[in-house]
*Asks:* 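Have a look at this one before I ask anything.
Whatever order the structure lists them in is the order used to number ligands and atoms, beginning at 1.
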Amino acid sequence: MTRLLKEDLNTIALKEYDKFLNTNIKAGLLEISEKALGIKVEKNVLTTKKVRVVPITSGEGIIQQFSESVERIVRYLGFNDCSVTEHSDVWGYSEAYNDGADIIFSADDYKFTAVNTKTKVVRDNGDDTGRGYAAALDLACNGVKDKEILVIGGGVVGKGAIDYLVQRGAIVTLYDIDKIKAEELKKMYSIFIYDNLDNLLLNHNLIIDCTPEKDIISPKYINEDTIISTPGIPLGIEKSAVERQGGLLIHDVLEIGVAVMALGAI
Ligand code: 2YJ
């Protein structure tokens, strides 16, 4: 799993990203999250929820700007009462809980969750990231129903994307270097699996890359109909390469995943 760096988090520019999304897929972070979850949210509901982000020091420790970035994204969506706790870890958790927090975000090296203390709903960043990027692709291509979608990587994020896509009638092919993992997902979902990535890239314009593999997608496969939706860090293809060929790249470091978690945790 990729560990975010402060430099990655410094790239977050919410207004600009929302503008980019609205221009290219006619939906912003809020609409993508609603689509991912199949819900419509009343804006004023968001203002009634108290959200706290608890920094966690375990394992490799605090990532500078991580909690603050989560706070900024959640606040941007319309959750006015959102802040990072003064203390970290268990102390921070009890601080948030005693403060009456409805939703508590926290992440260690393995898990990143949003827990609703009242409804007991627990959202997982991996799963919600997959759903969010699948929803973004759904909006970008005017509906995934009956369309052939290539999902690269069948981890937690890939599984979330597959679950979303299959439910909406997409024709999904999964590529994963781990053939056993791919077979396991094929048992759970009505999908195809295939182990020749070059052939798959040659035959798909709609791609969700859920891997942290650099250069997994060669620019020669990109054309003006290509849409790549990917949370992968590092990116599987350079943004400039996609733009040069006239394709669309949907990518961010944290925004879509956190937005889906926040709305899903209401
Ligand atoms: O609170 C902090 O500052 C740190 N403990 C944050 C750690 C963030 N964790 C990661 O980036 C891990 N790679 C796990 C993320 C799961 C994403 N699906």
Side-chain angles (χ1 to χ4, degrees), residues 1-12 29 32-33 36-37 51-75 82-97 99 101 103-115 121-137 151-164 176 178 181 185 208-214 216 229-236 250-265:
M1 232 183 285
T2 309
R3 184 171 162 84
L4 289 168
L5 304 171
K6 187 176 156 212
E7 295 76 66
D8 298 320
L9 298 165
N10 282 340
T11 64
I12 297 176
L29 281 174
I32 292 171
S33 305
L37 298 158
V51 184
R52 295 293 178 264
V53 187
V54 181
I56 300 292
T57 65
S58 75
E60 293 193 49
I62 302 279
I63 298 173
Q64 266 188 59
Q65 292 304 314
F66 179 82
S67 296
E68 291 75 11
S69 301
V70 173
E71 180 204 346
R72 275 176 55 210
I73 297 164
V74 174
R75 187 181 281 282
C82 179
S83 60
V84 177
T85 54
E86 187 187 342
H87 303 99
S88 64
D89 306 304
V90 177
W91 194 354
Y93 230 89
S94 54
E95 179 190 327
Y97 195 82
D99 206 13
I103 301 168
I104 306 179
F105 279 83
S106 62
D108 65 11
D109 296 344
Y110 306 100
K111 275 266 178 198
F112 176 17
T113 59
V115 176
V121 162
V122 179
R123 303 301 306 192
D124 176 81
N125 176 258
D127 182 55
D128 278 340
T129 298
R131 290 176 193 283
Y133 279 85
L137 183 76
V151 176
I152 309 175
V156 188
V157 180
K159 186 172 177 235
I162 288 170
D163 191 77
Y164 175 97
D176 196 302
D178 183 342
K181 193 190 273 176
L185 281 168
I208 304 188
D209 176 11
C210 303
T211 73
E213 300 302 320
K214 198 169 185 279
I216 197 171
S229 189
T230 175
I233 299 175
L235 272 171
I250 302 163
H251 169 74
D252 63 60
V253 294
L254 208 54
E255 295 89 317
I256 289 179
V258 167
V260 178
M261 290 169 83
L263 254 57

*Asks:* Quick check: does Pro55 get an N/O under 3.5 Å from an N/O on ligand 1?
*Replies:* no

*Asks:* With a 4.5 Å cut-off on side-chain heavy atoms, are Leu37 and Arg123 touching?
*Replies:*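 Answer yes - side chains close enough.
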
*Asks:* Does a donor on one side chain sit under 3.5 Å from an acceptor on the other, for Asp252 and Tyr133?
*Replies:* yes

*Asks:* With only distance considered, is Asp108 within less than 3.5 Å of ligand 1 through an N or O on each side?
*Replies:*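 Looking only at distances, the answer is yes, because the N/O contact criterion of under 3.5 Å is met.
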
*Asks:* Below 3.5 Å, N or O to N or O, backbone or side chain included: is there any such pair between Lys111 and ligand 1?
*Replies:*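 No, since none of the N or O atoms of Lys111 sits under 3.5 Å from an N or O of ligand 1.
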
*Asks:* Could you check whether any heavy atom of Gly61 sits closer than 4.0 Å to an atom of ligand 1, since that is the contact criterion I want to use?
*Replies:* yes

*Asks:* For the 3.5 Å polar cut-off, considering only N or O atoms, please tell me whether Val54 and ligand 1 meet it.
*Replies:* no

*Asks:* Using a strict cut-off of 4.0 Å, indicate which atoms of ligand 1 neighbour a heavy atom of Gly126.
*Replies:* 18 (N)

*Asks:* Looking only at heavy atoms, is any part of Val156 under 4.0 Å from ligand 1, and if so is it the side chain, the backbone, or both, or is it neither?
*Replies:* neither

*Asks:* State, yes or no, whether a side-chain contact exists between Phe112 and Leu254 at a heavy-atom distance under 4.5 Å.
*Replies:*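 Heavy-atom side-chain distance check passes, below 4.5 Å.
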
*Asks:* Heavy-atom distances under 4.0 Å decide this one: backbone, side chain, both or neither, for Thr129 against ligand 1?
*Replies:* neither

*Asks:* For Leu5 and Ile63, which heavy atoms make the closest approach, and how far apart are they?
*Replies:*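 Heavy-atom minimum between the residues: C-CG2, 4.4 Å.
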
*Asks:* Give the atom numbers and elements of ligand 1 that come within less than 4.0 Å of a heavy atom of Ile62.
*Replies:*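 With Ile62 as reference, the close atoms of ligand 1 come out as 2 (C), 3 (O).
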
*Asks:* Side chain or backbone, does Ile56 bring an N or O within less than 3.5 Å of an N or O on ligand 1?
*Replies:*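 Checking ligand 1 against Ile56, an N or O pair does fall under 3.5 Å apart.
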
*Asks:* Against heavy atoms of Thr2, which atoms of ligand 1 measure under 4.0 Å?
*Replies:* 11 (O), 13 (N)

*Asks:* Numbering the atoms of ligand 1 from 1, which are under 4.0 Å from a heavy atom of Ala107?
*Replies:* 1 (O), 4 (C), 5 (N), 6 (C), 7 (C), 8 (C)

*Asks:* Applying a heavy-atom cut-off of 4.0 Å, say which part of Asp109 lies close to ligand 1: side chain, backbone, both or neither.
*Replies:*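 The answer is the backbone.
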
*Asks:* Do Ser83 and Arg52 have side-chain heavy atoms sitting under 4.5 Å apart?
*Replies:*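 A side-chain contact exists here, since the closest heavy-atom pair is under 4.5 Å.
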
*Asks:* Stepwise, does the side-chain contact (heavy atoms from CB on, under 4.5 Å) test hold for Glu68 with Gln65?
*Replies:* CA-CA 5 Å; Glu68 291 75 11; Gln65 292 304 314; 3.8 Å; yes

*Asks:* Is it true that Asp108 and Ser58 share a donor-acceptor pair across their side chains at a distance under 3.5 Å?
*Replies:*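 Checked: Ser58/Asp108 side chains show no N/O donor-acceptor pair below 3.5 Å.
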
*Asks:* Is Lys159 salt-bridged to Asp163, going by a charged N under 4.0 Å from an acidic O?
*Replies:* no

*Asks:* Less than 4.5 Å apart, side chain to side chain, heavy atoms only: is that true for Ile256 and Leu29?
*Replies:* yes

*Asks:* Can an N or O of Asn125 be found at a distance shorter than 3.5 Å from an N or O of ligand 1?
*Replies:* yes

